[in-house]
Amino acid sequence: MLVKTYSAAVNGLEVTRVTIEVNTVPGVAYHFTGLGDEAVREGRDRIASAFGVNGLHFPNADVTVNMAPADLRKEGSSFDLPLAIAILAADGQIAADALDSYMLVGELSLDGTLQPAKGVLPIAIEARAEHFKGLIVPKQNVREAAIVNKLEVYGMDNLVDVINLLTGKKQYTPTTVDTRKEFFEHQYKFDLDYADVRGQESVKRALEVAAAGGHNLIMIGPPGSGKSMMAKRLPSILPPLTLAESLETTQIHSVAGLLPKDSSLISQRPFRSPHHTISEVALVGGGNNPMPGEISLAHNGVLFLDELPEFNKHTLEVLRQPLEDRKICISRSKYSVTFPSSFMFVASMNPCPCGYYGDPTHTCVCTPGQIQRYLNKISGPLLDRIDIQCEIAAIPFNELSRRAQGEPSAKIRERVIAARAIQTARFKDVPGIHCNAQMTERMIHQYAEPDNEGLELLRSAMERLSLSARAYSRILKVARTIADLAASDRVLPVHLAEAIGYRQLDRGDWAER
């Protein structure tokens, strides 16, 4: 008897419907076709054990399994459930009437318990697009899938529950999630707040400017000056995710299998902070089974690299193209996938190998040559993509011991949101441009061109401070953001002066002071 069930294969963020065909004829062999990997083929043994534990039996027949399309590679154990149901129906142990109405996903334990699967959210979106009545998933994944409306989503504990649902022996209620309520309830709940930061007002201002314009930023300062502490609080002042951004971000984390248990939508911008020993593949994504890397997990959020010069130089260089294109295309011999990677790049570093160059309380033991070699670990092309470079000093005791709290993140966020609203209106007719950091050279001349006084200030600064040519466009972009924070239509000299102060590493004499 020939029976068909339905599941889906996830390749990157692309989902393809998979038809699982099972045919039984007299015999004793088990044949598998359809380009399944080892985990898929091993499913036969898990299914046989689950049948035995739950009073079912594996067919005493010649079983042929095909997963169509047969030229598409299927990976992972999430095909166990649809394959088990198809085998039971082909053997006549359960009715096959309802199988055309549902897509099934889930790994089987040896006792028939369903284990969570990766990529359930994009699969749910595909199930709705393919006009299935419902989707059956492990209970741990049900809230993740239930955010997709116009689709009945059932979270099941074990194989027997699935059989009872498909045969009508028991009635189950599909899980529903109030997507908007879930989304808005958690948007403003942050564990970290800038109110806890004492002093460092100039650095907090630089972070505010970076958040307002979507600019990449690097902080240079001695150990213990608060670089990591302030970077970790950056999501608390970023504009809230839109529902579309939240859905896109959640899909990426779903494919990576990183959504918390019983979670639904990601409501806050992600903050990723990988260790400096990270490999190139872990950073950009890939592997035998293509998975998103840290730059994609940081999509619509922040990628923070602490102690930047400690990262492998070749690893850092792979950031150059994603920072420019805001996506990463991974091409291998067996696949080619594209992941989004639109993130704010934030980094921190010491000013020298010993960490105390320019610190008034410690003596630096590094020579200018050592300092320059240390800085040269960060290539010019990568540095060219960082708009704001700010120095941070150690906090004096009188500020550290101050009892009064700093300005809370909520107030800073209000100013950032107002500035982003100006940019949204400015770029509403330009697809793919959402903030000042994404402006092209033509747009810089259109929206950030200073007056004669501002040009003279910029010329003088570039000559006196030995600023590099690449600093010119970056200064104008940042100045445009500073003007937006001040609700100014024009870029004034005062805005340019502040932007010039954020180009510390471009100064030709920086390592010789």
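Heavy atoms only: backbone and side chains are in, while hydrogens, waters and symmetry mates are out.
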### Message
With side-chain contact (heavy atoms from CB on, under 4.5 Å) as the criterion, how do Leu83 and Leu108 come out once you've worked through the C-alpha distance, each side chain's angles and the decisive distance to 0.1 Å?
### Response
CA-CA 10 Å; Leu83 179 55; Leu108 285 177; over 6 Å; no
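- The backbone N or O of Thr5 lies less than 3.5 Å from no partner atom in the side chain of Glu21, so there is not a single donor-acceptor pair.
- Between the side chain of Asp325 and the backbone N or O of Lys327, no donor-acceptor pair lies under 3.5 Å.
- Under a 3.5 Å cut-off, the side chain of Lys74 and the backbone N or O of Gly34 do form a donor-acceptor pair.
- For the atom pair CD1 (Ile136) and CD1 (Ile85), the distance works out to 7.5 Å, reported to the nearest 0.5 Å.
- For Phe132, the ring-ring contact (aromatic ring centres under 6.0 Å, His included) criterion is met by Tyr6, not counting sequence neighbours.
- You'll find the side chain of Pro292 stays beyond 4.5 Å of the side chain of His299, heavy atoms only.
- With no hydrogens or angles considered, no side-chain donor-acceptor pair links Arg332 and Asn288 at under 3.5 Å.
- Side chain to side chain, Ser109 and Gln115 meet the donor-acceptor criterion of an N or O pair below 3.5 Å.
- Although no hydrogens or angles enter the test, the distance criterion places a donor-acceptor pair under 3.5 Å between the side chain of Thr250 and the main chain of Ser246.
- Side chains of Thr33 and Asn66: a donor-acceptor N/O pair is present below 3.5 angstrom, by distance only.
- A donor-acceptor contact closer than 3.5 angstrom is absent between the side chains of Ser264 and Glu144.
- Judged purely by atom type and a 3.5 angstrom limit, Ser49 has no side-chain atom pairing as donor or acceptor with the backbone of Arg46.
- Ion pair Arg385/Glu324 flagged as a salt bridge, since at least one NZ, NE, NH1 or NH2 atom sits closer than 4.0 Å to an Asp/Glu carboxylate oxygen.
- Considering all non-hydrogen atoms of both residues, Glu294 and Pro274 come closest at CG-CB, 4.0 Å.
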### Message
Under the criterion side-chain contact (heavy atoms from CB on, under 4.5 Å), I'd like the reasoning laid out for Leu247 against Ile147: C-alpha separation, chi angles, the key distance, then a yes or no.
### Response
CA-CA 9 Å; Leu247 187 61; Ile147 64 175; 3.9 Å; yes
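- A distance of 10.5 Å separates CD of Gln251 from CG of Leu259, quoted to the nearest 0.5 Å.
- For the atom pair CD1 (Ile386) and CG (Asn216), the distance works out to 6.5 Å, reported to the nearest 0.5 Å.
- Distance check: Arg41 CZ to Phe79 CZ gives 13.0 Å after rounding to the nearest 0.5 Å.
- By the 4.5 Å heavy-atom criterion applied to side chains, His31 and Val63 are not counted as neighbours.
- When all heavy atoms of Pro351 and Leu375 are compared, the closest pair comes out as O-CD2, 4.3 Å.
- Residues Glu280 and His314 have side chains that never bring a donor and an acceptor to within less than 3.5 angstrom of each other.
- Between Lys477 and Asp387, no side-chain nitrogen of the basic residue sits less than 4.0 Å from a carboxylate oxygen of the acidic one, so the salt-bridge criterion is not met.
- In this structure, the side chain of Asp384 does not engage the main chain of Gly380 through any donor-acceptor pair within 3.5 Å.
- Phe343 does not carry Arg326 over the face of its six-membered ring by the limits of under 6.0 Å from the centre and within 45° of the normal.
- At a threshold of 4.5 Å between non-hydrogen side-chain atoms, the residues Leu485 and Glu208 count as touching.
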Can you give the donor-acceptor pairs under 3.5 Å from side chains of residues 424-431 to other protein atoms, not counting sequence neighbours?
| residue | atom | partner | partner atom | Å |
| --- | --- | --- | --- | --- |
| Thr424 | OG1 | Arg420 | O | 2.9 |
| Arg426 | NH1 | Asn436 | OD1 | 3.0 |
| Arg426 | NH1 | Asp484 | OD2 | 3.0 |
| Arg426 | NH2 | Asp484 | OD1 | 2.7 |
| Arg426 | NH2 | Asp484 | OD2 | 3.4 |

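- Distance check, rounded to the nearest 0.5 Å: OH of Tyr102 to OG of Ser7 gives 15.5 Å.
- Partner of Leu323 under the side-chain contact (heavy atoms from CB on, under 4.5 Å) criterion, out of Leu303, Ile295, Leu382: Leu382 alone.
- With 3.5 Å as the limit, one finds a donor-acceptor pair spanning the side chains of Glu152 and Tyr154.
- In this structure, His253 contributes its side chain and Thr249 its backbone to a donor-acceptor pair below 3.5 Å.
- Using modelled atom types, one side-chain atom of Thr24 and one backbone atom of Ala90 make a donor-acceptor pair closer than 3.5 Å.
- Within 6.0 Å of CD in Glu14 there are 12 or fewer heavy atoms belonging to other residues, nucleotides or ligands.
- Between His276 and Phe311, the angle of the ring planes goes over 60°, which puts this pair in the perpendicular group of the 30/60° scheme.
- Proximity of a side-chain donor or acceptor of Lys227 to a complementary backbone N or O of Asp306 within less than 3.5 Å is not detected.
- Contact check on Arg269 versus Glu245 returns a salt bridge, with a Lys/Arg side-chain nitrogen under 4.0 Å from an Asp/Glu carboxylate oxygen.
- Pairing each heavy atom of Ala211 with each of Pro239, the nearest pair is O-CD, 4.3 Å.
- Taking 4.5 Å as the limit, every side-chain heavy atom of Phe339 sits out of range of all side-chain heavy atoms of Ile252.
- For Arg480 and Tyr447, the positive end is not near the middle of the six-membered ring at less than 6.0 Å and at most 45° from its axis.
- Smallest separation of non-hydrogen atoms from Ser267 and Phe183: OG-O, 3.3 Å.
- Side-chain contact between Asn11 and Thr16 is absent, with no heavy atoms from C-beta onward closer than 4.5 Å.
- Residues Pro290 and Ile330 fail the side-chain proximity criterion, which asks for heavy atoms closer than 4.5 Å.
- Residue Met349 holds its CE atom at 9.0 Å from CD of Glu307, rounded to the nearest 0.5 Å.
- Counting only distance, with no hydrogens or angles, the side chain of Asn158 and the backbone of Thr113 share no donor-acceptor pair below 3.5 Å.
- In this structure, Asp191 places its CG atom where only 12 or fewer heavy-atom neighbours from other residues, nucleotides or ligands lie under 6.0 Å away.
- At least one side-chain heavy atom of Pro309 sits less than 4.5 Å from a side-chain heavy atom of Ile378.
- A salt bridge between Arg73 and Glu75 is present, with a side-chain N of the basic residue lying under 4.0 Å from a carboxylate O of the acidic one.
- Ala256 approaches Met291 most closely through the heavy-atom pair CA-CE, 3.3 Å.
- Heavy-atom minimum distance, Arg474 versus Arg503: CB-NH1, 3.5 Å.
- Met344 places a side-chain heavy atom less than 4.5 Å from the side chain of Leu234.
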### Query
Can Ile388 and Val209 be said to form a side-chain contact (heavy atoms from CB on, under 4.5 Å), step by step?
CA-CA 9 Å; Ile388 298 177; Val209 172; 3.9 Å; yes
### Task
Could you please spell out the steps behind the side-chain contact (heavy atoms from CB on, under 4.5 Å) verdict for Leu319 and Leu283?
CA-CA 8 Å; Leu319 286 172; Leu283 188 62; 3.9 Å; yes
